Structure formats: C-alpha cells, structure tokens
Novice: 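Sharing a structure with you now.
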Amino acid sequence: MHYRKLGRTGLEVSVLGFGGSPLGGVFGEVDASECVRTVHAAIDAGINYFDVAPFYGLTRAESMLGRCLAGIPREKYLLSTKVGRYGADDFDFSAARVTRSVEESLERLGLETIDLLLCHDIEYASLDQIVEETLPALRQIQAAGKVRFLGVSGLPLQIFRTVLDRADLDFILSYCHYSLNDTSLESLLPRLRERGVGVINASALGMGLLTDRPLPEWHPAPPELRKAAAEAADYCRAQGVELAHLGLQFALAHPEIATTLVGIADQATLEKNLAALKFAPDPELLRNVQEILRPVHNLMWPTGRPENS
C-alpha cells in the first residue's frame with residue numbers, strides 16, 4: 001500500500017480509501033459478518049482511511065462501521081464522517097444541529113475523536129451560513145478535542161473556491177471531478193496546494209457511470225455522457241479489461257490527490273480494488289478510452305442551489 005500526506009494535516013492516508021456508504025445498505029442489503037471481515041481485511045492490506053456519513057443508510061453505515069472497527073487499535077485507522085446532510089432532502093447546517101450531529105456520530109462509531117469531519121454537500125446550503133455559523137461551531141468542537149481536522153464536501157467546484165476565499169480549511173472532499181471522463185478538479189489543485197489543503201477524491205467511477213453495470217434510472221448523467229461511457233465500457237470489454245479497473249488505476253495515479261475513496265462492503269470488491277494498485281494503466285488502452293470520452297470530457301450535471309453551481 002502507498003500513502004500520501006493529506007495537505008498540512010500531517011496525516012498520511014492510504015491512496016485507496018474505504019468508502020463506507022455500502023455498509024449502510026445503500027446499494028443493497030449487506031451481511032454484517034462479511035462487513036466485519038472486509039474491514040479487517042482492508043486494514044490488514046494497509047488501508048488506513050475510512051469514510052462514512054449519517055446520510056449513508058440513514059445512520060446505518062456509521063453504526064456498521066463502528067461495529068466493524070470495535071477492538072481494532074485506534075492508531076490503525078483514520079476516519080471521516082460528516083455533518084449537515086441527514087436525508088435525501090434533509091439538510092441542517094445550523095450550529096446547534098451540527099454540534100449534536102458530532103455527538104451522535106461519536107456514539108454510533110464508538111469513538112472519542114473523529115479524525116476528519118466534513119460539512120456534507122454544501123452546495124445545498126447557504127455558503128454564508130457555512131462560513132459564518134457552521135465552521136465556527138465546528139472549530140469549537142475541534143478545540144474541545146472531539147474533532148482533529150475540518151473540511152467541506154460537494155460536487156460543484158465553485159463551492160470550494162468560494163469557501164476557500166473566506167475560511168480556513170484543512171482538506172476537501174470532491175467527487176466525480178477526477179476520473180476518466182472528468183478531470184476538472186485539476187483546475188483547483190494549484191490553489192489547494194498553495195493553501196496546504198488536502199485533497200480527497202471520491203466517485204472516481206462517476207457513481208457507477210464507468211462500470212459494466214447498467215446505470216440506475218436516478219443517475220443524473222445526461223444521455224450523451226451515458227452513451228459515451230457505455231461505448232468505453234464496450235471497448236474495454238473487447239480488450240479483456242473492465243472499464244472500472246482502468247478508471248480506478250487512473251484516479252489512484254495522481255500524486256496530488258492524497259486518497260481516492262471507493263465504496264466497499266465485501267471482500268470480493270475489496271480484492272478487486274486492491275488489484276488496481278498493482279499496475280499502472282496501460283498507456284495505449286488509456287489513450288483509446290480517453291479518446292472515446294473526449295466529446296463529453298468534463299460534462300457535468302447541475303446539483304444544489306443554482307447560486308452554488
């Protein structure tokens with residue numbers, strides 16, 4: 001396993017991070033014993049970064065991860081969770097709610113301290129509130145020793161630019177913006193590097209877009225993006241390679257992205273993702289797939305409040 005520094009935090013995180021949303025049954029029911037075995041196997045393989053949120057499985061992911069980590073020495077792992085989003089349309093970034101949320105998460109996780117705490121999907125919030133109320137409240141919690149480092153997450157890159165201009169962040173979590181079909185996160189990296197802000201990448205496979213599985217109806221990708229991704233998957237399949245494998249290899253290779261989160265809930269998925277660490281992407285295959293995706297490169301869907309996109 002390789003490790004990279006997360007900005008100025010001093011933390012070294014595994015380049016492959018364990019995305020915990022599937023532990024909450026987000027993608028189908030899970031077996032608790034298999035979840036425990038998988039988390040233990042991930043730590044044995046060198047993964048030291050785990051991410052969850054109250055929103056994932058409506059608190060089930062946090063509870064399951066807490067069960068999986070019980071008895072594991074605390075120095076073996078780093079953990080992030082989130083505040084502010086509690087349901088599909090349930091957002092509350094008030095000081096009172098996020099303060100209570102941290103206490104609830106600590107209890108579900110069975111921990112005394114959260115390593116990395118994120119304001120979750122802030123494009124759905126007033127960014128004035130995030131800067132003037134939410135982050136100051138969380139800094140008080142940090143001063144009390146219950147949280148080590150603070151960041152924000154979301155989809156539109158503009159939210160990070162806006163908050164970085166007005167607040168001090170330790171790290172960010174960006175999703176769907178560093179992948180085979182979208183590398184727009186690179187435009188933000190110089191500013192993050194200058195400020196010493198760590199970078200976590202998530203949804204490197206576009207929330208299932210860059211896989212062989214049929215996309216669910218709810219997926220927000222526009223038709224032309226769906227079509228190009230399907231063509232890329234067909235091409236990889238003809239070469240005897242999974243598009244998802246290539247996509248993960250591509251995302252893991254960027255030296256300025258500390259870690260890439262991948263959703264995991266069973267050992268088979270864990271082993272498949274670990275395999276992507278063993279080799280760099282095949283250059284010719286990568287070029288050909290990027291050429292297929294070139295007409296839709298950086299094409300993204302809108303999300304959150306219009307003023308935050």
Side-chain angles (χ1 to χ4, degrees), residues 19-30 50-67 79-111 114 116-142 146-147 150-160 162-163 167 169 171-177 200 202-203 206-208 216-221 261 263 265 300-309:
S21 64
L23 298 176
V26 173
F27 302 104
E29 286 304 310
V30 295
F50 296 80
D51 172 77
V52 281
F55 173 48
Y56 302 153
L58 303 180
T59 74
R60 289 178 60 197
E62 282 189 326
S63 297
M64 181 64 77
L65 184 57
R67 176 176 175 175
L79 185 144
S80 64
T81 192
K82 307 177 183 73
V83 297
R85 185 170 196 177
Y86 307 101
D89 299 303
D90 182 6
F91 297 89
D92 189 342
F93 290 91
S94 67
R97 183 66 186 98
V98 299
T99 300
R100 191 166 73 251
S101 183
V102 171
E103 296 293 344
E104 293 166 352
S105 291
L106 287 169
E107 183 175 353
R108 284 190 289 265
L109 291 162
L111 300 177
I114 294 164
L116 302 160
L117 186 70
L118 289 147
C119 299
H120 196 179
D121 290 346
I122 62 170
E123 66 266 33
Y124 290 92
S126 159
L127 297 187
D128 286 341
Q129 182 186 32
I130 297 296
V131 170
E132 297 169 7
E133 180 180 358
T134 313
L135 286 171
L138 296 178
R139 289 295 180 193
Q140 291 184 6
I141 297 171
Q142 182 185 39
K146 295 181 179 181
V147 171
L150 297 177
V152 298
S153 76
L155 181 66
L157 294 179
Q158 184 56 42
I159 61 173
F160 302 117
T162 300
V163 175
L169 298 175
F171 68 104
I172 66 159
L173 189 159
S174 169
Y175 70 98
C176 289
H177 283 303
I200 296 168
S203 295
M207 302 191 302
E217 287 298 320
W218 56 260
H219 199 287
L261 285 166
M300 189 48 60
W301 50 86
T303 184
R305 297 186 179 189
E307 66 268 25
N308 292 336
S309 61

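Everything numeric here is computed off the predicted structure, so don't read it as measured data.
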Novice: Let me see the working for F27 and S21 under side chain to side chain contact (heavy atoms under 4.5 Å, CB included), right down to the final yes or no.
Specialist: CA-CA 8 Å; F27 302 104; S21 64; 3.7 Å; yes
Novice: Would you indicate whether the side-chain heavy atoms of H177 and L155 approach each other to under 4.5 Å?
Specialist: yes
Novice: Measure the CD1-CG distance between I122 and L135 for me, rounded to the nearest 0.5 Å.
Specialist: 8.0 Å
Novice: What pair of heavy atoms forms the shortest contact from K82 to V52, and how long is it?
Specialist: NZ-O, 2.9 Å
Novice: Taking the side chain as every heavy atom from C-beta outward, state whether S126 and E133 have any atom pair closer than 4.5 Å.
Specialist: no
Novice: Does any part of the side chain of R108, heavy atoms only, come nearer than 4.5 Å to the side chain of P54, both counted from C-beta?
Specialist: yes
Novice: Could you tell me which non-hydrogen atom of A265 sits nearest to which non-hydrogen atom of V30, and how far apart they are?
Specialist: CB-CG1, 4.0 Å
Novice: Counting heavy atoms not belonging to D128, are there more than 12 under 6.0 Å from its CG?
Specialist: yes
Novice: Just verifying a value: how many Å separate L157 CG and I172 CD1, rounded to the nearest 0.5 Å?
Specialist: 7.5 Å
Novice: If you compare all heavy atoms of V26 against all heavy atoms of G57, which two are closest, and at what distance to 0.1 Å?
Specialist: CG2-N, 3.6 Å
Novice: Output all residues satisfying side chain to side chain contact (heavy atoms under 4.5 Å, CB included) with R97, sequence neighbours left out; order by chain, then residue number.
Specialist: Y86, D92, S94, R100, S101, E104
Novice: Could you grab the distance from atom CD1 of I200 to atom OH of Y175, nearest 0.5 Å is fine?
Specialist: 15.0 Å
Novice: For the atom pair CZ (F50) and CG (L109), what is the distance rounded to the nearest 0.5 Å?
Specialist: 12.0 Å
Novice: Could you tell me whether a side-chain N or O of N308 sits under 3.5 Å from a main-chain N or O of A125, the two making a donor and an acceptor?
Specialist: yes
Novice: Atom CD of residue position E132 - does it have more than 12 heavy atoms of other residues, nucleotides or ligands inside 6.0 Å?
Specialist: yes
Novice: Is there a donor-acceptor pair under 3.5 Å between the side chain of S309 and the backbone N or O of P306?
Specialist: yes
Novice: Tell me whether R85 contacts the main-chain N or O of G87 through its side chain, where contact means a donor paired with an acceptor under 3.5 Å.
Specialist: yes
Novice: Which distance, rounded to the nearest 0.5 Å, do you find between the CD of E62 and the OH of Y56?
Specialist: 10.5 Å
Novice: With a 4.0 Å cut-off, would you call R60 and E29 a salt bridge?
Specialist: yes
Novice: Check whether any side-chain heavy atom of D121 lies under 4.5 Å from a side-chain heavy atom of S153, and answer yes or no.
Specialist: yes
Novice: Identify the two heavy atoms, one from A137 and one from V98, that lie closest to each other, and give their separation to 0.1 Å.
Specialist: CB-CG2, 4.4 Å
Novice: Kindly compute the distance separating CZ (F171) from CG (L117), expressed to the nearest 0.5 Å.
Specialist: 7.0 Å
Novice: Mind checking what makes salt bridge (charged side-chain N to carboxylate O under 4.0 Å, His left out) contact with E307, not counting sequence neighbours?
Specialist: R305
Novice: Between D51 and L79, is any pair of side-chain heavy atoms under 4.5 Å apart?
Specialist: no
Novice: A side-chain contact here means heavy atoms from C-beta on lying under 4.5 Å apart; do L138 and C119 qualify?
Specialist: yes
Novice: Begin with the C-alpha distance, continue with both residues' side-chain angles, and end with the deciding distance and a verdict on side chain to side chain contact (heavy atoms under 4.5 Å, CB included) for L173 and L261.
Specialist: CA-CA 10 Å; L173 189 159; L261 285 166; 3.7 Å; yes
Novice: Return the minimal non-hydrogen interatomic distance between H219 and M207, and the atom names on each side.
Specialist: CD2-O, 3.3 Å
Novice: Consider side chain to side chain contact (heavy atoms under 4.5 Å, CB included). Of T134, L127, L169, V131, which one does V152 pass it with?
Specialist: L169
